[in-house]
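Have a look at the structure below, then the notes.
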Amino acid sequence: MKHHEEKITQAALIIKKAHRMTAASGAGISAESGIPTFRDPGGIWDHMDMLEVGTASGFVNAIERNAETLFPLFINILDAFQYAEPNPGHMALSDMEKMGILKTIITQNVDNLHQEAGNTNVVEVHGNVFRSRCINCSHRVTVDRKIYIRELKEKIDRLMSFNLENLLSLVMICDKCGSMMRPDVVMFGEQVHDLQNAFEAARNCDVMIILGTSGVVYPAAYFPVEAKQNGAKIIVINPTVNAFVRESDIYIPMKTGEALPAILNLIRN
Ligand code: OAD
Ligand code: ZN
């Protein structure tokens, strides 16, 4: 970390003066909680074809053709989601909100970890996997992460084989209209959630801190551009060069779970 100390100090000076900071986070902030990212080596899109399983109809088709291969991959992801806890990066953001500096987190993550860390204003542009939505009447139900996955895994254990029919037997049924429910997440080709609030938080911030995202998925990749055009300072934390480095005033090539607590420490002292 030593050689990035100067950048950490510069970032802390900027953040300390901020009154309405917005954070924009992606899968990288949850990597240290054990949740795989999408595009890093060994990431989710290394194991599954994004174009095959990334859309709702593609997902169903892929299960129909290839359930025996895909099910074990989903169970690995379920395990990661079940055992994850907010990491020091999430916790530092929660403290920055309590200090009155951080106002909004725009996240592409669906893992609920920002809320579990204590952040109260989280704009989830890609939804939340622990919320189900009725495919008929849009009724939404929020589930407890650990209980939901434990029960789901118990049901999976009782399945005799992996096939589409058995997969469909696992889905929740809407208590308003009796139709099937699906995870309330955005798949490719679907409308992003809460876009207006996200753009507002980007437009109105004095600092945008961009955390653990490759910046290749739109419209999420526009938020930093919107922030910069409206005069915000841009800080990027990500161990790997990404689409936002060019826009940044400060680029810290570190893990968020290390850089954010170091910044917080300086802000406090
Ligand atoms: P990606 O997998 O594209 O990018 C993850 C980023 O996190 C990379 O730039 C890594 O360098 C960085 N990273 C890895 N470990 C890190 C750490 N410990 N600290 C900080 N950064 C770290 O994930 P996203 O940018 O979130 O969309 O992907 C965007 C969207 O693409 C996802 O929301 C998903 C996916 O397809 C949908 O599901 C709609
Ligand atoms: Zn319904």
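We count ligands from 1, going down the list as the structure has it; atoms in each ligand are counted the same way. Everything quoted here is computed from the prediction, not taken from an experiment.
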So that I know where these two stand, are Phe74 and Phe162 an aromatic pair - ring centroids less than 6.0 Å apart?
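Aromatic pair excluded; centres sit 6.0 Å or further apart.
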When you measure from atom 26 (O) of ligand 1 to each heavy atom in Ala27, Pro239, Ser25, Gly28, which option holds the nearest one?
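Looking at heavy atoms only, Ala27 sits closest to atom 26 (O) of ligand 1.
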Proximal candidate to atom 8 (C) of ligand 1 [heavy atom criterion; set Asn238, Val241, Thr256]:
Asn238
Nearest neighbour in protein (non-hydrogen) for atom 38 (O) of ligand 1
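For atom 38 (O) of ligand 1, the nearest protein heavy atom comes out as Val186 O, 3.9 Å.
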Nearest protein heavy-atom contact for atom 4 (O) of ligand 1: which residue, which atom, what distance?
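For this ligand atom, the closest protein heavy atom is Ser214 N, 3.4 Å.
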Heteroatom proximity flag, [X] to ligand 1, N/O under 3.5 Å:
| X | answer |
| --- | --- |
| Lys255 | no |
| Val216 | no |
| Ile29 | no |
| Glu32 | yes |
| His126 | yes |

Using side-chain heavy atoms (C-beta onward) and a distance below 4.5 Å, is [X] in contact with [Y]?
| X | Y | value |
| --- | --- | --- |
| Ile209 | Leu260 | yes |
| Arg150 | Gln82 | yes |
| Phe223 | Val125 | yes |

Per-atom contacts, ligand 1 versus [X] - under 4.0 Å to a heavy atom:
| X | answer |
| --- | --- |
| Phe188 | 36 (O) |
| Arg39 | 1 (P), 2 (O), 3 (O), 28 (O), 29 (C), 30 (C), 31 (O), 35 (C), 36 (O) |
| Ala31 | 15 (N) |
| Trp45 | 35 (C), 36 (O) |
| Gln108 | 29 (C), 30 (C), 33 (O) |
| Gly26 | 26 (O) |

Would you mind checking if Asp79 and Lys153 are paired as a salt bridge, meaning a charged N to carboxylate O distance below 4.0 Å?
yes
What's within reach of the Zn ion (ligand 2), meaning protein N/O/S atoms under 2.8 Å?
Cys134 SG, Cys137 SG, Cys174 SG, Cys177 SG
Taking Phe81's backbone N and O only, do any of them form a donor-acceptor pair with Arg145's side chain (distance below 3.5 Å, no angle check)?
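The answer is yes, because a donor-acceptor pair under 3.5 Å joins these two groups.
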Taking Ser179 for the side chain and Ile135 for the main chain, is one N or O donor matched with an acceptor at less than 3.5 Å?
no
Does CZ belonging to Phe199 count more than 12 external heavy atoms closer than 6.0 Å?
yes
Whether over 12 other heavy atoms sit under 6.0 Å from Gln196 CD:
no
Hydrogens and angles aside, do Glu116 and Asn112 bring a side-chain donor and acceptor to less than 3.5 Å of each other?
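Yes, a side-chain donor-acceptor pair sits under 3.5 Å.
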Provide the closest heavy-atom pair for Val129 versus Pro183 in the form atom of the first, atom of the second, distance.
CG2-CB, 4.2 Å
Over 60° means perpendicular and under 30° means parallel, so tell me whether His90 and His114 are parallel, tilted or perpendicular.
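It falls in the perpendicular class, over 60°.
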Apply salt bridge (charged side-chain N to carboxylate O under 4.0 Å, His left out) to the pair Glu190 and Arg133, showing each step before the final yes or no.
CA-CA 14 Å; Glu190 295 178 348; Arg133 183 179 83 233; 5.1 Å; no
